[in-house]
Amino acid sequence: MSVQLHPAIEGLDTNSLCYSIYNRLYHNFFNSQDKAYITEGDETSIRLRNAAYGFAEAIAGTATGELPGGISGALLDYLKKTGGGMAGMFRANYGFEAGTGNTRILETFQKDAVFGVRITGNLELGENSLFIGGKQLLSYERKTGTVVFSGDRISFKNSVLKSNGEFIFGRDKETGVFISSEAILLKGKNVYHEGNANLESVDWRMENGFVSENLSVKGQTTLSGLLDACRGVKLGFDGETYISVENQKVSVNTFLSFNPGYGIQTGGIPVLVRANEKDMQLGAVGGELLIGSEQTTKTRLLSNISGVDGDYVLLSKYGAAYFPDSLTVRHSYGDILLSSYREDGGNEGMVIHKSLRFGTFLGAWLEGRENGIGFHSFVEHVSPDERKVLFYETLFKYELSTSRYRPQNRISDSLFVSTDADFISFDKPIESKSSVGIDNSFTRLTDGCLFFTSEHRLLSAADGIKHYGNSYFLDNLSSEKFSSGFAGSGWAIIPNKTTGNTSATFDELTVRRKMRIYELEVQKISATNGSLWVSDSCSGDSVVKIEN
């Protein structure tokens, strides 16, 4: 069964004599024990408390005359003039003096409205404590030789405290606050102050520090953590400021030098890196690298721009451009207008995806069509009443040949030129090394020959033109110059559109064989060295000259 604390102990009045005796007895009992075998609150300490209460109750009852059974106390005798003890109350309400050896040591006094007790000799307290106003103010531990001040608050007002010894606040010097004439320690660590901290020979170490005014460091400064300087910074060397941070800007008055492999990072990604001893790398943070701004008047290129391998100069500082991989051109974020391509050494070049204009953006243009090229232009029709602009397209493309003269032993193709204009006009002669013909027709013009079919043609001869095939004339056939009548000139075969008859006029007519004439009208006949034959009707199959 465990030991129980006496129930009356918790009900003691802390201002009573019994409590005071109990408290002193318990502490004396407790402190006389071996600390290795007792702790506050264990069974031994509870037994000590119960024993101290039993002694305190008996002592307090005897001192006040409250013995059991109503028997008077042992201190009830009256005080004698020659000395002795007294058990009753001693009153001296109109003054009191006490001393020894005919020397006054203690007296009561009144000065104005102040009442008090004055002690002119030494004051010795036989017990361990001093109570004032029912409160224990002062106690003394004989075992440790320690004087204990007790109170919620102790004030010395304007007094000056002097001590040639030491002050310890807390359990001991190693865990509390230690003050002496030589040092101040907090938990065994030195506390630095103006007397020992502002010396060049004293090292300073602290966890946190706050400087209200200027901080001047004469020697080297080493920072192992974050430097927070949000009010401005000036950094430099030998009295010169190289980097300053103030008024929302950072000013650099010197060069920034990076070792190979280092540079400037943004968001943990390098944006400016010294790649090696000579090369620098400039990049973006997973986005675009922007050069220039709206306030930039121009961007000047002071050196060439090469490809990733450095083998080719893509853009020289003087404007020469070379694109070994490919070229793509757009305008105002529109569709692709120009691009390069390459399948192999025999098939590579440029592709015009839209229009290729000439002169201005309103001028004539070329445009790609399916298997061909379209040439576009316009014609202005201006009259007093209106101005009309008509646009036309001429298409150049290759298709299957439809020529009558295409080779029959292989595939043959032709270049076709078509236009939505009405005519094609040339202001210079048209020449061909072979021939000029009509598509899907036998008609063609070659050197010295005009073919209509393979048999019908006009062929240039040495002194004229040869006609192959029948000749049909719908109108006159005459010499360059012709006039009719006996005294006329030239020759002509002329159809009469009124009568439908055709007349021929020649200077001479020679018929080698038979000449048939249905009607012969002779204006004049002259015969020289011959005979004259006149007949109403005659015919002859032959004419024979008669020799004389």
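Throughout, numbering of the chain's residues begins at 1 and tracks the sequence. Keep in mind it's a predicted model, so treat the numbers as computed, not measured. Only heavy atoms go into these numbers, but all of them, side chains included; no hydrogens, no water, no symmetry mates.
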Worksheet entry | The single option from Arg404, Arg457, His456 passing side chain to side chain contact (heavy atoms under 4.5 Å, CB included) against Phe451 | Arg457
Worksheet item: Can Val417 and Thr394 be said to form a side chain to side chain contact (heavy atoms under 4.5 Å, CB included), step by step?
Response: CA-CA 7 Å; Val417 180; Thr394 299; 3.8 Å; yes
Discussion item. Set out, in order, the CA-CA distance, both residues' side-chain angles and the distance that settles side chain to side chain contact (heavy atoms under 4.5 Å, CB included) for Glu240 and Asn253, then state yes or no.
Written reply: CA-CA 9 Å; Glu240 296 291 335; Asn253 301 319; over 6 Å; no
Worksheet item: Does Asp279 reach the main-chain N or O of Asn276 with its side chain, forming a donor-acceptor pair under 3.5 Å?
Response: no
Worksheet entry | Ser180 side chain vs Glu166 backbone, donor-acceptor pair below 3.5 Å | no
Discussion item. What I'd like to find out is whether the side chain of Phe473 reaches to under 4.5 Å of the side chain of Ser471, using heavy atoms alone.
Written reply: yes
Worksheet item: For the atom pair CG (Asp447) and NZ (Lys433), what is the distance rounded to the nearest 0.5 Å?
Response: 13.5 Å
Worksheet entry | Leu314 side chain reached by Pro324 side chain, heavy atoms, under 4.5 Å | yes
Worksheet item: Backbone N or O of Leu327 within a donor-acceptor pair of the Ser340 side chain at under 3.5 Å?
Response: yes
Worksheet entry | Audit row: Asp439, Thr402, side chain to side chain donor-acceptor pair (under 3.5 Å) steps and yes/no | CA-CA 6 Å; Asp439 182 46; Thr402 57; 2.5 Å; yes
Worksheet item: Just by modelled atom types, is the Leu185 backbone N or O under 3.5 Å from a matching donor or acceptor in the Asn190 side chain?
Response: no
Practice prompt. Report yes or no: does Arg444 contribute a side-chain atom to a donor-acceptor pair with the main-chain N or O of Ser435 at less than 3.5 Å?
Written response: no
Worksheet item: Considering residues at least two apart in sequence or located in another chain, which fulfil the salt bridge (Lys or Arg N to Asp or Glu O under 4.0 Å) criterion with Glu246?
Response: none
Worksheet entry | Within 6.0 Å of NE2 in His381, more than 12 heavy atoms from elsewhere | yes
Fill in: Ser432 side-chain N/O to Ser434 backbone N/O, donor-acceptor pair under 3.5 Å
yes
Worksheet item: Thr328 and side chain to side chain contact (heavy atoms under 4.5 Å, CB included): which partner among Leu338, Leu337, Ile336?
Response: Ile336
Worksheet item: Do Ile352 and Trp365 pass the side chain to side chain contact (heavy atoms under 4.5 Å, CB included) test, and can you show the C-alpha distance, the side-chain angles, and the key distance before you say yes or no?
Response: CA-CA 11 Å; Ile352 306 296; Trp365 72 93; over 6 Å; no
Fill in: Any side-chain heavy-atom pair of Leu301 and Tyr318 under 4.5 Å
no
Discussion item. Can you tell me how the ring of Tyr322 sits relative to the ring of Tyr312, calling it parallel under 30°, perpendicular over 60° and tilted otherwise?
Written reply: tilted
Worksheet, complete the sentence: Rounded to the nearest 0.5 angstrom, the OG-CZ distance for Ser479 and Phe506 is 10.0 Å
Worksheet item: Between the main-chain N or O of Arg406 and the side-chain N or O of Gln408, is there a donor-acceptor pair closer than 3.5 Å?
Response: yes
Practice prompt. Kindly compute the distance separating NZ (Lys497) from CD1 (Ile494), expressed to the nearest 0.5 Å.
Written response: 11.5 Å
Discussion item. If the threshold is 4.0 Å, N to carboxylate O, is there a salt bridge linking Glu393 and Arg369?
Written reply: yes
